[in-house]
Amino acid sequence: MAAVTAKGTKRARIRKGDQVVVITGRDNGKRGRVLEVLPVKGRIKVEGVAIQKKHQRANPQNNRGGGIIDREAFISISNVQLIDPQTGDPTRVKYQVADDGSKTRVAAKSGHALDKA
């Protein structure tokens with residue numbers, strides 16, 4: 001769940017490029033990479049999940065053909081969990097604060113760091 005800060009903006013514990021697993025919904029069990037995160041709306045776009053058809057009109061100026069294309073839709077951020085890099089299982093995210101005040105994302109199950117240093 002996203003935390004609310006003093007200004008009313010939300011922070012998400014999941015970031016673009018993370019590996020996640022869908023834990024509920026029609027795509028339950030699918031794994032993929034995070035393509036986009038909208039923390040204020042609490043939505044996330046995952047590669048290969050929530051595929052929808054879009055009827056697209058041809059646009060010769062942009063050199064784009066028409067037809068029916070498949071694209072990912074946004075899903076709720078609460079419907080996914082991060083994948084623990086050590087075990088490969090879904091896990092929650094904790095923050096570990098260092099002595100200098102810097103925060104690091106950590107997998108709650110294994111204690112393994114999620115951020116690439």
Side-chain angles (χ1 to χ4, degrees):
M1 187 100 175
V4 180
T5 61
K7 296 178 191 173
T9 60
K10 291 184 178 180
R11 285 192 312 258
R13 290 185 165 103
I14 297 174
R15 296 184 186 155
K16 182 178 176 180
D18 286 345
Q19 292 291 327
V20 295
V21 61
V22 180
I23 56 173
T24 185
R26 73 172 190 212
D27 293 318
N28 186 11
K30 285 189 180 177
R31 294 171 179 240
R33 188 172 45 89
V34 176
L35 300 174
E36 197 174 341
V37 180
L38 300 178
V40 176
K41 293 185 176 181
R43 310 294 275 176
I44 192 169
K45 195 181 278 190
V46 181
E47 189 175 42
V49 174
I51 299 293
Q52 60 183 198
K53 303 272 188 193
K54 176 171 172 47
H55 295 255
Q56 184 171 279
R57 181 178 298 165
N59 189 342
Q61 287 181 330
N62 293 344
N63 201 15
R64 184 179 70 198
I68 301 172
I69 60 168
D70 292 337
R71 68 174 188 183
E72 290 90 0
F74 282 99
I75 59 173
S76 178
I77 204 164
S78 65
N79 292 347
V80 298
Q81 271 191 327
L82 237 69
I83 294 176
D84 191 334
Q86 197 169 23
T87 62
D89 296 332
T91 182
R92 293 192 177 109
V93 180
K94 294 193 319 188
Y95 283 99
Q96 206 169 45
V97 182
D99 293 334
D100 61 351
S102 62
K103 288 202 282 188
T104 308
R105 291 185 311 152
V106 175
K109 275 190 179 177
S110 67
H112 193 264
L114 296 168
D115 295 325
K116 283 104 181 154

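We count residues from 1, following the sequence as given.
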How far does CD of Gln19 sit from CG of Leu82, to the nearest 0.5 angstrom?
9.0 Å
Presence of salt bridge, Arg33 and Asp18, under 4.0 angstrom:
no
Given 3.5 Å as the limit, does a donor-acceptor pair link the side chain of Arg105 with the main chain of Val93, or not?
no
Quick check on Asn59: does its CG atom have over 12 non-hydrogen neighbours (other residues, nucleotides or ligands) under 6.0 Å away?
yes
Counting only N and O atoms by type, is there a donor-acceptor contact under 3.5 Å from the side chain of Lys109 to the main-chain atoms of Pro90?
yes
Counting N and O atoms only, with roles assigned by atom type, does the side chain of Asp27 sit under 3.5 Å from a partner on the main chain of Ala50, one being a donor and the other an acceptor?
yes
Which atom of Ala108 lies closest to which atom of Lys94, heavy atoms considered
CB-CG, 3.9 Å
When rounded to the nearest 0.5 angstrom, what is the spacing between NZ in Lys41 and OG in Ser76?
13.0 Å
Of all heavy-atom pairs between Ser102 and Asp100, which one has the smallest distance, and what is that distance?
OG-OD1, 2.9 Å
Is it true that atom CD of Gln96 has more than 12 heavy atoms of other residues, nucleotides or ligands lying nearer than 6.0 Å?
no
Shortest non-hydrogen contact from Asp84 toward Ser110
OD2-OG, 2.7 Å
Within the distance-only criterion (no hydrogens, no angle test), does the side chain of Thr24 pair as donor or acceptor with the backbone N or O of Asn79 below 3.5 angstrom?
no
If you count heavy atoms of other groups shown closer than 6.0 angstrom to CZ of Arg92, is the number above 12?
no
Any chain of hydrophobic side-chain contacts (each under 4.5 Å) joining Val46 to Ile83?
no
Least distance between heavy atoms, Pro85 atom then Ala113 atom
CG-O, 4.1 Å
Between NZ of Lys45 and CZ of Arg43, what distance do you get to the nearest 0.5 Å?
11.5 Å
Check whether any side-chain heavy atom of Glu36 sits under 4.5 Å from a side-chain heavy atom of Ile44, and report yes or no.
no
Within the structure provided, determine whether Arg15 and Asp115 are in side-chain contact (heavy-atom separation under 4.5 Å).
yes
CD/Gln81 to CZ/Arg31 distance, rounded to the nearest 0.5 angstrom?
11.0 Å
Rounded to the nearest 0.5 Å, how far does CD of Gln86 lie from OG1 of Thr91?
10.5 Å
Only one of Val49, Val21, Ile75 clears side chain to side chain contact (heavy atoms under 4.5 Å, CB included) with Val80; which?
Ile75
Between Lys53 and Asp70, does a side chain to side chain contact (heavy atoms under 4.5 Å, CB included) hold up when you go through it step by step?
CA-CA 5 Å; Lys53 303 272 188 193; Asp70 292 337; 3.0 Å; yes
Value rounded to 0.5 Å, distance of CD in Gln56 from CD1 in Ile68
11.0 Å
